[in-house]
Amino acid sequence: MTDEHATPDGAGGGDTPNPAVPTGDSTETSPASPSRIATVVVVAVSVGLSALLGNGVGLALATAVAFAASLWLVDRERARAPALVLAGTLALVVGAGFVASVGVVVLERLASAYPVSTLAQVRTAGLGVASATVVALGVTLATVGGVASVGGVLREGTASAYTELAVKTFVVPLTLAALFVAPTLLAGPDGTEPTLLELVGGALGLPLALLGRLALPAGQGTHLLSFAVLVAVTAASLTRALAVAPFPDVLRDERRERWRTRTERARVWLRTVAALGGVTTSVAVAELVVEQATLAGVLGGLYGPLTAVTNSVALRLPLVSVLLGALVVWVVSAALGRTVRADAGDVAARLGPYLGGVAVVVVAGLTHGVVLDPALSTVAEGLPGAFGTAFERQTGRLVEGFGSAVVALAVAAGLVGLTATVALVVALTTEVGALDDRATGPTLAAVGLFVASGFAPGAGGRPVPVLAGLVGSFVVWDAGAYGLALSREAGPGGRTGRPELVHVGATVGVGCVLAGVAWALRSVAVGAVFGTGATLRVAFVAVVAGIVLLVAALR
Amino acid sequence: MTDVRTGRWRVAAPATLALVSLGLLYASPLLLSSALVPLGYAVYGALSAVPADANVRVERVVSEGAPTPGERVTVTVTVTNASETVLPDVRVIDGVPAELAVVSGSPRRTLSLRPGESATVEYAVVARRGEFPFEDASVRLRSLAASSIRTESVTVQGDDRLTCRYPLSDAAAEATTPRLSGTHPTDSGGPGTEFHSTREYRSGDPRSRIDWRRLAKTGDLATVSFREERAVRTVLVVDAREPGRVAPRPGVPTGAELAGYAGERLFEALTGAGAVTSVTALGVDGAATDAPVRPGDLPWADGTADATTTLARSVFAAVQAAVGTQPRTDDPLGDGTPADEGATTDDEPVRSGEADAGVGASGEDERARLLLAQLPPAAEVVLVSPLLDDRPVSLVRTLRSQGHPVTVVSPDVTDTGSVGGTVAGVERRRRLRAVAAAGARTSNWTPEGSLERALAESVTHLVGGTA
C-alpha cells in the first residue's frame with residue numbers, strides 16, 4: 001500500500017517544497033512517529049479485529065510486544081550493549097511466538113478437519129487448513145504491525161538492524177548445536193542419550209579429530225585431496241597472519257621497512273601456493289570417485305612418489321603446526337587490533353548480539369527439560385492419526401540420539417533463525433517499496449487484516465468479521481498514513497485531535513456504508529441461483545459498473 | 001496556489017481485484033460482494049475534493065514591538081475560515097524568519113474549521129539584533145478523504161516584522177553624543193561652588209577666592225577652597241573573549257553578544273549624563289576597528305576625543321563581529337552577515353563566533369597589565385562580562401588593588417536547563433560573590449529580566465543619582 005508522498009520540508013502531497021517552513025521550529029522530531037490518536041486507532045482496530053478474526057490472539061499479542069520491544073531496543077543509543085543482548089534474547093521469544101500463534105491454529109484445524117471419511121473431502125479439508133493458516137498468519141502480522149506502530153518503531157532501518165542482530169544471535173546456538181550434533185553424526189548414534197559431558201567432549205574433540213585426520217591420514221594409497229587442502233589452508237592462514245600481525249609496530253624504522261618488504265614478498269608467494277593448492281584440491285576431488293588401482297594405472301611411475309609425499313607425516317605435521325600457529329596469530333592479532341581501535345562501548349555493542357545468542361543457549365539449556373517434552377507431546381497429540389504417531393516416533397529418535405538439550409538448542413536456533421527471516425522479509429519488502437517505509441507498522445497491520453479477512457471465508461469465517469476486517473484494514477492504513485503526514489507537518493506534539501477524528505470518522509463512516517451495501521448484496525447473492533438469465537444480467541451489470549467506477553476512480 | 005490529487009486511494013484497486021480473485025477461488029458470494037468495500041473507497045477518494053471557494057484569512061500579532069536581545073516575544077496567529085464550507089483539514093505554518101528560534105509553542109498547526117470559525121496559533125521566539133520580516137503563511141487544505149490537496153501562500157495581516165535595535169550601533173552614523181561638563185563631586189578642594197575649606201594664601205591665588213572677612217577680622221590672608229567638581233572619567237570594558245561566546249540554547253544571543261549590547265546601553269546612559277566615557281573591549285581584534293589601538297591590541301575609544309561616539313561605535317561593531325552575530329545582509333540597520341545559529345548539545349551551551357586568536361593565560365595577564373596602564377587616574381571602571389571564567393575576577397581584583405572603583409554588569413547565560421548549565425551557573429554566582437568581595441559593585445542581568453533595572457543598579461552612582 002502506498003501513502004501520500006511527504007516532501008523533504010515535511011509537507012505531504014507530492015507538490016513543490018514549501019519555502020516558508022521555518023527552520024527554527026524546535027518541535028521537529030522523528031519523522032517516523034504517527035500522531036497519538038492515529039497510533040491509538042491503529043493499535044485498537046488491528047488488535048481488536050485480529051481477536052475477532054482469529055483464535056489465539058493472546059499469543060500474537062505477546063509476539064507483537066516482544067517484536068516491538070526488540071525493534072525499540074535495537075534503535076536505542078543509550079545502554080546499547082545490554083539493549084542488544086536483550087533484543088538478541090527476545091529473538092527466541094519472537095520466533096517461538098510466531099510458531100505458537102500460527103501453529104496452535106493449524107493444529108486445532110488439523111485435528112478438526114482430519115481424518116476425513118471420503119477422498120473428495122481431502123481437498124476441501126486441505127483448503128480449509130491452508131486458509132486457517134493464512135488467517136492465523138494475517139492475524140499475527142496485523143497484531144505485530146499494530147503494536148509496532150507505537151512510536152513508529154517499525155521502519156526499514158530498524159527492521160534491517162534487527163535482521164542483522166538476529167542473524168548474529170542465530171549463529172551462536174546454530175554453531176553450538178552443529179558442534180554437538182557433528183560427533184554423533186560422524187560416529188553414528190549408539191542408542192543412548194548422551195550426557196552433557198559427552199556432548200562437550202565431542203564438541204571439543206571435533207577440531208582435534210579433524211586435525212588428526214589432516215596430520216595422519218588413514219588408509220592406503222594417495223591422499224592428495226587432504227594434502228592439497230592442508231597446503232592451501234595453511235598458506236592462506238599464514239598470509240592473513242602476516243598481514244595482521246603487529247610485528248612492525250615493535251620494530252625500529254629500518255627493521256620495520258625490511259620486515260614489511262620481506263613479508264610482502266612472502267605473502268605473494270604464499271598466495272600463489274594457496275591458489276595452486278586450491279586448484280589441486282579441485283582436481284584431487286577425483287580421488288574420491290576413482291579407484292586407487294585406476295589411479296596407479298593412469299599415473300604410472302608418478303603414483304609411488306605421490307603416495308609417499310601425500311602420506312608423509314614429516315611433511316604434514318609441520319604444515320599442521322604452522323596452520324595452528326598462523327590461526328592463533330591471526331585470531332589474536334585481529335581481536336587485539338579491533339579492541340584497540342574501538343572503545344569499550346563499541347566492543348560491548350558489537351558483542352551484544354552474540355551475547356544474546358549465549359543467553360539463548362543458556363535458556364535452551366535450562367528449560368529443555370520442562371519445555372521440550374510437553375511441546376513435542378502437544379504437537380503429536382494435535383496431529384491427526386498416523387501423523388501424530390510418526391511425529392512422536394521421529395522426535396523420540398532424535399531426542400534419544402542427540403539428547404534433549406541438543407534438540408532444544410537446535411529448535412531454539414531454528415526459532416531465532418525464523419525471527420531473522422521474518423525481520424529480513426519485512427526489511428526487504430520495505431526496501432523494495434512493497435511496504436511503505438513511512439508508515440510500515442500501520443501498513444503491515446492493514447495488510448495482515450486484509451489477508452486474514454480475505455482468507456477467512458475459506459476457513460469458515462462469518463460475514464460480519466470478514467466485512468469488519470476489510471473495513472478495518474482500510475481504516476488502519478488510512479489512520480496510520482494520515483497520522484504520520486500530520487505528525488510531520490504539525491509536529492508530533494501538535495494538537496491534531498479534531499482534524500484526525502473528523503478524517504478517521506469519515507473513513508469509518510464510509511466503510512460502514514460500504515460494508516452494509518456489501519452485506520445486502522451478499523444476502524441477495526446467497527439466495528440467488530447462479531446461471532439463470534436474471535442473475536447473469538444482474539452480475540453483468542454489476543461487473544460493468546464496478547469496472548467503470550474503478551477506472552473513473554483511478555484516473 | 002497548487003492543487004494536487006494524491007491518488008492515495010489507488011491502493012483500493014489491487015485490493016478489489018484480490019477480493020474478486022479470492023471470491024472466485026472460494027466461490028464465495030461474501031468475498032465477491034466484499035469487493036465493493038475497496039471499490040467504494042476508491043470512489044470516495046476520487047469524489048473527495050477541496051471546495052473551489054475555500055478561503056482562509058490569517059492575522060498575526062507580535063507581543064513586543066521593540067524587544068531587547070534575548071527577550072521572548074510571543075507571536076499569535078489567528079486563522080479564520082472565510083469561506084462558506086467546512087474545511088476539515090487546514091494546516092498552517094507561519095513564516096517565521098529563519099534567524100529567529102522558536103523556543104515555545106509551534107508555528108505549525110492543523111485545524112478543522114467550520115464556516116467563519118477562527119483558531120489561534122501561539123508561539124514564542126527569541127529576539128535577536130536586527131530587523132526580521134515575517135514571511136507569508138503557508139496554508140495547506142486537504143479534502144475529507146485527504147486525496148485532494150491545495151497549497152497556497154497567504155499574506156498575513158497585522159504585524160509583519162520583529163525589530164530589535166542596538167542603541168548605538170544601529171543609530172545614524174552622524175549622531176553624536178552631547179558633550180556636557182562633569183558634575184561628579186570629589187573630596188578634593190579647588191574651584192567650585194560648595195564650601196570645602198580655607199587655607200593660607202599663596203601667591204597667585206585668584207582674588208575672588210580670598211577670604212575677605214577673615215582679613216578684616218584678623219588681618220590674615222586666607223584662601224577659600226570649594227568642593228571641586230570634576231567630570232567623571234569612566235572606562236567601559238566589554239568582555240568579548242572566547243569563553244563568553246556561549247548561548248544557553250540555539251538561536252539565543254551569546255553571553256559576549258549580550259555584554260556588547262549592555263555595553264552600548266551603558267555608554268549611551270553614561271555619555272547622556274555627561275560622564276566622560278572611554279570604551280575598550282577584550283577579545284577583539286583591535287586592528288579591525290577604527291579606534292586607536294593601545295598596547296595589548298586594545299581598541300580604545302577615548303572619552304576625551306572629538307569623535308568618541310564614532311570610535312565607540314567602531315569598537316562595539318568589532319565586538320559584535322567577534323562574537324559571531326551580525327544583522328542580516330538585507331538589514332538596513334547593519335551590514336554584517338547572517339547570524340550563526342551553531343549547534344548545541346544537551347549539556348553544553350552553544351558556542352559561536354571565531355576563536356580568540358590564541359590568547360593564553362599569560363597573554364590575558366599581560367593585557368590586564370596593559371589595560372591598567374591605559375586607565376586615567378581614579379577612573380571608574382565598568383566591566384561588562386558574562387563571568388564564565390576566572391579572568392574577569394582577577395582583573396577586578398587587580399583594578400581594586402590599584403584603587404579604581406569597579407562596577408561589574410554581568411548578563412546570565414547559564415540557564416540551559418541542563419546539568420552542565422547548572423554547574424556553570426554555580427561557578428558564575430561564585431565569581432559574582434568574589435568580585436563583590438573585592439569591593440566591586442555588581443549587577444546581575446538575566447536576559448528575561450529588565451536591562452533598565454540592571455543598568456540602574458549599576459551606574460546610577462555615576463550619572464548623579466544614588467546607588
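A, B, ... follow the sequence lines: proteins, then strands. Residue 1 opens every chain.
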Inset, instruction - Indicate the ring-plane relationship of F474(A) and W9(B), choosing parallel, tilted or perpendicular according to the 30° and 60° boundaries. - result: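 If you compare the ring of F474(A) with that of W9(B), the planes turn out parallel.
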Inset, instruction - Give the member of G454(A), A456(A), A520(A), A515(A) that has the highest number of heavy-atom pairs under 4.5 Å with chain B. - result: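 Most heavy-atom pairs within the cutoff with chain B belong to G454(A).
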Inset, instruction - Determine the option with the most heavy-atom pairs under 4.5 angstrom with chain B, choosing from V510(A), V502(A), V466(A). - result: V510(A)
Select one option (side chain, backbone, both, neither) describing which atoms of [X] are under 4.5 Å from chain B's heavy atoms.
{"X": "P463(A)", "answer": "both"}
{"X": "V517(A)", "answer": "both"}
{"X": "S453(A)", "answer": "backbone"}

Inset, instruction - Count the heavy atoms of every other residue, nucleotide or ligand shown that sit under 6.0 Å from CD of Q157(B), and state whether that count exceeds 12. - result: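 Counting neighbours around CD of Q157(B), more than 12 heavy atoms of other residues, nucleotides or ligands fall under 6.0 Å, so yes.
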Legend entry - Neighbour count above 12 (heavy atom, 6.0 Å) for R462(A) CZ: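 Not buried by this count: 12 neighbours or fewer within 6.0 Å.
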Nearest heavy-atom neighbours spanning [X] and [Y]:
{"X": "Y26(B)", "Y": "G458(A)", "value": "CE2-CA, 3.3 Å"}
{"X": "R8(B)", "Y": "A481(A)", "value": "NH2-CB, 3.9 Å"}
{"X": "L36(B)", "Y": "A518(A)", "value": "CD2-N, 4.0 Å"}
{"X": "S33(B)", "Y": "R522(A)", "value": "OG-CB, 3.3 Å"}
{"X": "S112(B)", "Y": "R498(A)", "value": "O-CZ, 3.2 Å"}
{"X": "Y482(A)", "Y": "R142(B)", "value": "CE1-CD, 4.3 Å"}

Heavy-atom proximity to chain A below 4.5 Å, by part of [X]:
{"X": "A35(B)", "answer": "neither"}
{"X": "S34(B)", "answer": "both"}
{"X": "L31(B)", "answer": "side chain"}

Legend entry - Test side-chain contact (heavy atoms from CB on, under 4.5 Å) applied to T124(A) - qualifying residues, sequence neighbours left out: none
Legend entry - side-chain contact (heavy atoms from CB on, under 4.5 Å) against V475(A), all qualifying residues, sequence neighbours excluded: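 Scan of V475(A) (side-chain contact (heavy atoms from CB on, under 4.5 Å), adjacent residues dropped) gives V41(A), V471(A), V504(A), T507(A), V508(A), Y41(B).
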Inset, instruction - Check whether any side-chain N or O of H503(A) sits under 3.5 Å from a backbone N or O of L144(B) as a donor-acceptor pair, and report yes or no. - result: yes
Legend entry - Separation of L30(B) CG from L467(A) CG (nearest 0.5 Å): 5.5 Å
Inset, instruction - With rounding to the nearest 0.5 Å, note down the distance linking CG in L25(B) to CZ in F455(A). - result: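 Reported value, rounded in 0.5 Å steps: 7.5 Å.
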Inset, instruction - Find the one option among L111(B), L87(B), V125(B) whose heavy-atom pairs under 4.5 Å with chain A are most numerous. - result: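 Result: the option with the highest number of such pairs is L111(B).
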Inset, instruction - Taking the side chain as every heavy atom from C-beta outward, state whether L19(B) and L470(A) have any atom pair closer than 4.5 Å. - result: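 Counting from C-beta outward, L19(B) and L470(A) do come under 4.5 Å.
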